[in-house]
Amino acid sequence: MLNTPDAHLHLPPEAPAPQARRGPAQTFLTHAARSKSFHGFVNPPIYRGSTVLFDTMDDLVHGRAEFTYGRKGNPSMRALEDAWSELAGAAGTILCGSGLAAITTALLSVAGSGEHLLVSDTVYGPVRELCDGLLQRFGVAVTYFPPDPGESFRDYFRENTVGVYLESPGSLTMEIQDVPGLARIAHERGACVLMDNTWSTPLLFDAHAAGVDISIEAGTKYLGGASDLLLGVASANPEYWPRLIKTHRMLGCIAGPEDVFLALRGFRTLDLRIRESGRRALELAHWLRSRPEVQTVLHPALEQSPGHVYWKRDYHGASGLFSVVLQPVSRQGLAGMLDGLSLFGMGYSWGGFESLVTPIDHDLVRTAMAWNQSGPTLRLYIGLEDVEDLKQDLAEGFSRLAGNP
Ligand SMILES: Cc1ncc(COP(=O)(O)O)c(C=O)c1O
């Protein structure tokens with residue numbers, strides 16, 4: 001037994017049943033992840049460490065202890081993993097050092113050499129780099145499909161298709177996908193459904209209930225909530241949990257103790273922050289729609305936004321990230337608008353307390369669908385500033401644009 005390749009991974013003995021959340025989300029977020037072993041302190045402390053001491057030789061040889069080595073877990077990691085599993089209705093959760101690391105671990109747990117993945121054309125850019133680079137190098141074939149393929153989705157499958165990777169809404173262009181419909185077809189073909197659910201978190205979209213087997217979250221965004229940590233979270237249903245945890249143990253790409261601790265703090269206020277950021281974003285989206293400088297607002301809660309019908313049917317709200325397509329303008333005019341903003345910062349990532357704007361056309365790669373907008377596209381993330389102040393900052397930007405078209 002000890003000579004089998006898996007013996008030293010110290011894997012959990014069996015896939016647990018999905019955890020049913022105890023009570024409404026707000027109460028759960030506030031009271032989850034507590035343990036008597038924390039001596040009454042309301043948040044789990046930071047556990048650092050590699051070595052864990054065993055009581056006896058027999059315990060060491062058989063890995064008989066709740067925690068056996070720092071890389072295989074510690075009490076604060078376990079607290080966040082269990083709380084997330086319960087929030088997401090999953091059998092188990094892994095934590096990684098970044099959102100991208102969680103995506104990589106999840107994809108490597110599903111696909112291998114000689115197999116085929118279907119990936120939505122609207123995925124976060126680095127996922128495309130991973131698919132076209134590392135995965136193809138290891139013999140995994142990848143086909144991109146348009147985000148809303150309808151029944152023609154069946155035509156994309158091959159004999160060796162083992163996984164379908166979704167991201168809803170799509171990165172930058174904000175298309176909501178028909179997750180239950182796509183999952184149904186994928187399951188008919190025996191493929192695993194993976195999804196990046198970062199925009200919603202389990203609070204706004206119940207990915208596992210919609211048929212997602214492995215749901216991924218860049219905890220760097222809303223879970224952290226303060227732009228001061230990097231974290232990846234992936235949760236799985238009972239069928240895919242054994243593969244996910246095994247791949248995670250083999251790769252060893254875990255999250256750091258400080259970031260886990262900070263994420264547990266973010267967990268407490270996640271519902272309040274995501275809903276408030278979403279409320280402010282929707283108000284700004286409506287305001288932007290009325291501005292002559294704007295061609296289109298790509299916000300899932302607005303009727304003209306792609307996939308709005310699926311959002312209305314499946315989602316419990318909208319978070320604070322959306323995009324706008326401006327009327328055609330010179331590069332210099334756009335730079336003048338953005339460089340002079342005083343509240344909106346310019347930079348990557350989102351989900352923190354501060355509003356951000358990013359011009360996105362230079363980052364946009366689409367190979368299965370057309371993206372032919374005549375004007376530049378901006379991605380906006382709305383934080384917790386006063387909405388009127390944010391409108392004023394943008395209105396002053398539009399004035400600079402008018403003076404420098
Ligand atoms: C939708 C989405 N998924 C995943 C990630 C990756 O997260 P991280 O930066 O923690 O690797 C990002 C980061 O911007 C993202 O926007």
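What you see is a predicted model, and the numbers here were worked out from it, not measured in a lab. Indexing begins at 1, ligand by ligand and atom by atom, following the structure's order.
Below 4.0 Å from some heavy atom of T220 lie the following atoms of ligand 1, by number and element: 8 (P), 10 (O).
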| task | Start with the C-alpha distance between R275 and D271, add both sets of side-chain angles, then the distance that settles salt bridge (Lys or Arg N to Asp or Glu O under 4.0 Å), and finish with yes or no. | result | CA-CA 6 Å; R275 289 186 195 281; D271 187 78; 3.0 Å; yes
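Between K391 and E388, at least one side-chain N (NZ, or NE/NH1/NH2) sits under 4.0 Å from a carboxylate O, which counts as a salt bridge.
S120 places no side-chain N or O within donor-acceptor distance of the main-chain N or O of L166, the cut-off being under 3.5 Å.
Nearest-heavy-atom check against atom 14 (O) of ligand 1 across E167, E217, K221 picks out K221.
Looking at residues two or more places apart in sequence or on another chain, you find no ring pair (Phe, Tyr, Trp, His ring centres under 6.0 Å) involving Y165.
Atom 7 (O) of ligand 1 has its closest protein heavy atom at A218 CB, 3.4 Å. In this structure, the protein non-hydrogen atom closest to atom 6 (C) of ligand 1 is Y124 CE2, 3.3 Å. Nearest protein heavy-atom neighbour of atom 2 (C) of ligand 1: D196 OD2, 3.5 Å.
Some N or O of G99 is nearer than 3.5 Å to an N or O of ligand 1, by distance alone. An N or O contact shorter than 3.5 Å links L100 to ligand 1 by distance.
When only modelled atom types and interatomic distance are considered, D132 and Y144 share a side-chain donor-acceptor pair under 3.5 Å.
For the ligand labelled ligand 1, residue W350 lies inside the 4.0 Å heavy-atom shell.
Under the 6.0 Å distance and 45° angle rule, R273 does not count as a cation-pi partner of Y222.
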